[in-house]
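Reviewing the structure listed below.
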Amino acid sequence: MLPLKLIQENSDFIIERLKIKNFDAKPIIGRILAADDRRRALQTSIDIQLADLNNLARQIGQLFKEGKSQEAEEAKNQTFQIKEQNRILKEEHAALEAELQDMVVQLPNLPYELVPAGKTPEDNQLIRTGGTIPEPDVNRKAHWDLLAGSGLIDFELGVKLTGAGFPVYQREAARLQRALINFFLDQGLKAGFTEVQPPIMVNEASAYGTGQLPDKEAQMYRSEADGLYLIPTAEVPVTNIFRDEILSAEQLPVRYMAYTPCFRREAGSWGSHVRGLNRLHQFDKVEIVQVRHPDNSYAGLEEMVNYVESLVNLLELPYRIIRLCGGDMSFTSAMTYDFEVFAAGQGRWLEVSSVSNFESFQANRLKLRFREKATNALASPTP
RNA sequence: GGAGAGAUGGCCGAGUGGUCGAAGGCGCACGCCUGGAAAGCGUGUACCCUGCGUGAAGCGGGGUCGAGGGUUCGAAUCCCUCUUUCUCCGCCA
């Protein structure tokens, strides 16, 4: 969420920057500013009324004490009128605040100055590559063919137990999965990240805090009876640790990591290109999160990119690092690097990790305060 | 699931209808004192919205004592709902 103050004072700048993200902010900012003016005027009127009421209440107490009950009754009658007027204004004020909030959260984060304009992945910037891409092999097999019949990763069994997108890992595959999780956590520990095991279900407030609600509700699994959501990423519980918190500068930077299973409904994004493990409803991920002072958030981003790169190197995978263009970036991100690994079996690049700086966008929404911004990255242990 | 007791500032802890954003203590910051420190003394020490002011300092108004609603001229204090913590009972393992 962008700070209202920034919208009030630098609306032209915001409109200009959001063009990089192909977002036309002009109409909505116009409505935000109008609603905000009205809101402030109302606030002033309401405050004056409340001040009057406070004064009257004090006088009434005094009058009763002095035995002037006649005058006290008269003053009481005055308060009835003011209260009725106040009630009307408050209703309008509350409606306006809700409307304003709805509009402000529709504005995406501003892209950082290095972010290239563009609409599709074609416009992304290649930063660097590493590792060796194996020679194309005519006999190559994608993992779903390679694994077929082995039962190591059993998609059909998953369908029996749960449904499509919930594979069962068995024997060596289960061990490999466990080993990868441990590998990422152990490396993270060495790199100075603090390990946490958060709940994998969150309440509504947390889902709002990181922006899954209200817009992405359809992407989450929900426990209707309890009002809880299965997390789509550990980013949700881990970032919400800091919701409504005020950190002191010396507590920064905070560096957390968490392994969790992740759950995504992937409504509407199913297709022929997402076979096998390429897109799942349940998968495992080790998330890393930093909360940084705004002055060095981009140093933090680079640090995380280098860290993730070291992991990919240790695994000896051929990779490339890509800076996403405005159109390909997420709503909340100011700048994102994607890590892609070349999947020889499929003969194409697959995203394995995404590292973003959210600047203060998430922190604002979370009411995480004391001059800091949040930086976030995720490293994924699946293929 | 049932019964009871709690939820107050960074922490502890007073406060049962008005003068309470809230006593007292601890912690922290600054100052005095000291060769230096401790002790002592003094001052200050939440957040949000808003008006004047340069988005400083400062001053003013409003709101916030778990959350929301209600009673009242007036609520931290009374009532209701919810959340949550603790104790006891039950249930499940």
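Per chain, numbering begins at 1; letters A, B, ... match sequence-line order.
- Going from atom CG of A:Asn364 over to atom C1' of B:C48 covers 14 Å, rounded to whole Å.
- A gap of 14 Å separates the P atoms of B:U43 and B:C26, to the nearest Å.
- Proximity of A:Arg40 to the phosphate of B:G51: a side-chain N or O atom is located under 4.0 Å from OP1 or OP2.
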Name the atoms and distances for all side-chain donor-acceptor pairs under 3.5 Å in residues 22-35 of chain A, with sequence neighbours left out.
unit_1  : atom_1 : unit_2   : atom_2 : d
A:Asn22 : ND2    : A:Gly118 : O      : 3.1
A:Asp24 : OD1    : A:Lys26  : N      : 3.3

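- Minimum atom distance to the side chain of A:Thr79 is reached by B:C73, of the listed B:C73, B:C49, B:G62.
- Nucleotides B:C80 and B:A22, compared at atom P, are 29 Å apart to the nearest Å.
- For the P atom pair drawn from B:C78 and B:G15, the interatomic distance equals 12 Å after rounding to whole Å.
- As a whole-Å value, the separation of A:Arg39 CZ from B:G63 C1' is 13 Å.
- Comparing the P positions of B:U77 and B:G53 gives an interatomic distance of 38 Å, to the nearest angstrom.
- A sub-4.0 Å separation between OP1 or OP2 of B:G74 and a side-chain N or O of A:Lys83 is present.
- Checked against B:G55, B:C49, B:C73, the side chain of A:Ala57 finds its nearest nucleotide in B:C73.
- For the C1' atom pair drawn from B:C28 and B:C12, the interatomic distance equals 15 Å after rounding to whole Å.
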| said: Show, in sequence, the C-alpha distance, side-chain angles and deciding distance for A:Gln59 and A:Gln78, and conclude whether the side chain to side chain donor-acceptor pair (under 3.5 Å) test is met. | reply: CA-CA 12 Å; A:Gln59 285 170 26; A:Gln78 270 189 60; over 6 Å; no

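- At the phosphate of B:G62, OP1 or OP2 sits under 4.0 Å from a side-chain N or O atom of A:Asn54.
- Remark: P of B:G63 and CG of A:Leu53 are 9 Å apart, rounded to the nearest angstrom.
- On the C1' atoms, B:G13 is 35 Å away from B:A57, given to the nearest whole Å.
- Here B:C73 is the nucleotide among B:U50, B:C73, B:G63 with the atom lying nearest to any side-chain atom of A:Ile60.
- Note on A:Glu9: a base of the nucleic acid sits closer than 4.0 angstrom, heavy atoms only.
- Each of A:Leu50 and A:Glu97 was assigned the nucleotide of RNA chain B with the nearest heavy atom; the assignment lying further toward the 5' end belongs to A:Glu97.
- The aromatic rings of A:Tyr112 and A:Tyr298 sit parallel, their planes meeting at an angle under 30°, below the 60° perpendicular limit.
- A:Glu84 has its CD atom 14 Å from the P atom of B:U72, to the nearest Å.
- Side-chain atoms of A:Asp47 and base atoms of B:G62 include no donor and acceptor less than 3.5 Å apart.
- Separation of the C1' atoms belonging to B:A14 and B:C20 is 12 Å when rounded to the nearest angstrom.
- B:C11 atom P lies 12 Å from atom CD1 of A:Ile246, rounded to whole Å.
- Nucleotides B:G40 and B:G4 have their P atoms positioned 47 Å apart, rounded to a whole Å.
- Counted by atom type alone, A:His93 and A:Gln43 present one or more donor-acceptor pairs between their side chains at under 3.5 Å.
- No hydrogens or angles were tested; on distance alone, nothing pairs the side chain of A:Gln43 with the base of B:G62 as donor and acceptor under 3.5 Å.
- Atom CD of A:Gln49 and atom C1' of B:C49 are 16 Å apart (whole Å).
- Residues A:Asn10 and A:Ala51 each lie close to RNA chain B; by heavy-atom proximity, the contact nearer the 5' end of the strand is made by A:Asn10.
- Per the geometry, CG belonging to A:Leu100 stands 14 Å off C1' belonging to B:U50, to the nearest Å.
- Atom CZ of A:Arg175 sits in a sparse spot, with 12 or fewer heavy atoms from other residues, nucleotides or ligands closer than 6.0 Å.
- Rounded to whole Å, atom P of B:G63 lies 12 Å from atom CG of A:Asp52.
- Aromatic ring pairs are classed by plane angle as parallel below 30°, tilted from 30° to 60° and perpendicular above 60°; the pair A:Phe361 and A:Phe331 is perpendicular.
- A heavy-atom distance below 4.5 Å is found between the side chains of A:Leu6 and A:Leu110.
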